There are 2 protein chains.
Amino acid sequence: MEKKLEIFSHFEECPVRKVLNRCGDKWSVLILLVLGEVDNMRFNKLHKTIGDISQKMLTVTLRTLEADGLIKRTVFPEIPPRVEYEITERGKSLLVHINNLVDWAEENMEDIMESRAKFES
Amino acid sequence: MEKKLEIFSHFEECPVRKVLNRCGDKWSVLILLVLGEVDNMRFNKLHKTIGDISQKMLTVTLRTLEADGLIKRTVFPEIPPRVEYEITERGKSLLVHINNLVDWAEENMEDIMESRAKFES
DNA sequence: AACATTAGTTACTTGAAAGTAAGTATCTCA
DNA sequence: TGAGATACTTACTTTCAAGTAACTAATGTT
């Protein structure tokens with residue numbers, strides 16, 4: 001009789017992964033971090049703030065974050081257009097854990113880089 | 001005078017991203033979760049436990065986790081070979097935050113799926 | 001002599017994420 | 001008249017993570 005790993009049930013049909021994969025992409029976390037620091041932000045301001053993201057990827061990533069209810073998109077019917085993005089309560093509750101991860105990464109970064117350097121040799 | 005976002009300094013040369021990107025891959029988190037539940041585990045047992053990972057990706061992912069000092073690899077000079085993997089203290093300290101994320105994902109999964117469904121329509 | 005076992009390696013292919021660059025609509029301002 | 005602003009979309013290309021499948025070394029087992 002082998003001990004069955006509980007973990008496996010979590011991943012059998014990967015519902016958790018369905019959620020977390022969206023955060024594992026290149027830009028989602030960064031956008032959440034930015035929107036977590038302000039009340040709201042417009043598209044072009046986000047673009048300039050992040051700097052090296054393309055318009056396309058900004059659009060795509062904002063859309064998936066919106067689809068998951070992590071951010072809210074508000075369109076003002078003006079010309080030229082105005083669209084404001086803000087983080088939602090759900091987004092904020094995720095951001096807490098993301099910030100914990102970021103903090104962990106900052107705390108452990110030096111040690112990890114040292115480990116990597118040793119490992120190479 | 002615009003308010004400068006603090007966040008930006010974190011990502012200027014992306015040291016945090018250098019660390020976290022490794023956790024955003026397809027298998028690292030799962031392997032850490034598995035190794036967090038046992039004292040140690042051999043290569044083939046990991047392979048069977050995870051099920052749908054290829055030998056190559058298991059090797060590759062174990063190597064990067066080892067390089068970062070998140071797991072420890074111990075080779076016993078026997079034939080046939082025996083190699084045991086175990087999570088390190090550093091790995092455990094990361095796992096705490098990963099588990100928080102997994103818990104958050106489980107708690108919010110239903111709502112998120114509902115949001116996604118609404119968004120499609 | 002050939003097969004099993006363990007923990008891999010190697011070479012090649014695939015697919016999805018991301019990047020690039022140009023185009024769009026509508027109005028204002030010079 | 002035409003340039004600028006805003007928030008995109010579209011079509012095409014590139015890149016890299018991941019997948020596939022075959023091969024390896026060294027010994028014990030039938």
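None of the values given here were measured: they were computed from a predicted structure. Within every chain, numbering begins at 1; the chains are lettered A, B, ... in the order of the sequence lines, protein sequences first and strands thereafter.
When rounded to the nearest whole Å, the span between CG of A/Leu46 and P of D/dA7 equals 10 Å. Spacing between atom CE of B/Met57 and atom P of C/dG15 amounts to 17 Å, rounded to whole angstrom units. Rounding to whole angstrom units, CD1 of residue B/Ile53 and P of D/dG19 are separated by 7 Å. As rounded to whole Å, 14 Å separates atom P of D/dC8 from atom CD1 of A/Ile79. As rounded to whole Å, 13 Å separates atom P of C/dG8 from atom CZ of B/Arg82. Rounding to whole angstrom units, CG of residue B/Leu58 and P of D/dT20 are separated by 14 Å. Between B/Arg17 atom CZ and C/dA18 atom P there is a gap of 10 Å when expressed in whole angstrom units. Atom CG of A/Asn44 is separated from atom P of D/dC8 by 9 Å (rounded to the nearest Å).
Side-chain N/O atoms of A/Arg73 include none lying less than 4.0 angstrom from OP1 or OP2 on D/dA7. For the pair A/Arg22 and C/dA17, the criterion of a side-chain N or O lying under 4.0 Å from OP1 or OP2 is not met. Of the side-chain N and O atoms in B/Arg42, one or more sit less than 4.0 angstrom from OP1 or OP2 of C/dA7.
Remark on DNA chain C: of its neighbouring residues A/Pro80 and B/Pro80, the 5'-side contact belongs to B/Pro80, judged by nearest-heavy-atom nucleotide. If B/Thr59 and A/Gly24 are placed on DNA chain C by their nearest nucleotide, the residue sitting closer to the 5' end is B/Thr59.
As judged by a 4.0 angstrom heavy-atom cut-off over every strand, A/Phe76 is placed among residues making no nucleic acid contact.
Among C/dA22, D/dT20, D/dT6, the nucleotide with an atom closest to any side-chain atom of B/Lys56 is D/dT20. The side chain of A/Trp27 sits closest to C/dA18 out of D/dG19, C/dG8, C/dA18.
The shortest distance between side-chain heavy atoms of A/Leu62 and A/Leu46 falls below 4.5 Å. Side-chain contact between A/Met57 and A/Lys26: absent, with no pair of heavy atoms (C-beta onward) separated by less than 4.5 Å.
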Just do the side-chain contact (heavy atoms from CB on, under 4.5 Å) check on B/Arg116 and B/Ile112 with the steps written out, would you? CA-CA 6 Å; B/Arg116 281 186 198 172; B/Ile112 288 174; 3.8 Å; yes
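A salt bridge (charged side-chain N to carboxylate O under 4.0 Å, His left out) with A/Asp68 is found for exactly one of A/Arg90, A/Arg63, A/Arg22, namely A/Arg22.
Distance check, rounded to the nearest 0.5 Å: OG1 of A/Thr88 to CG of A/Leu70 gives 5.5 Å.
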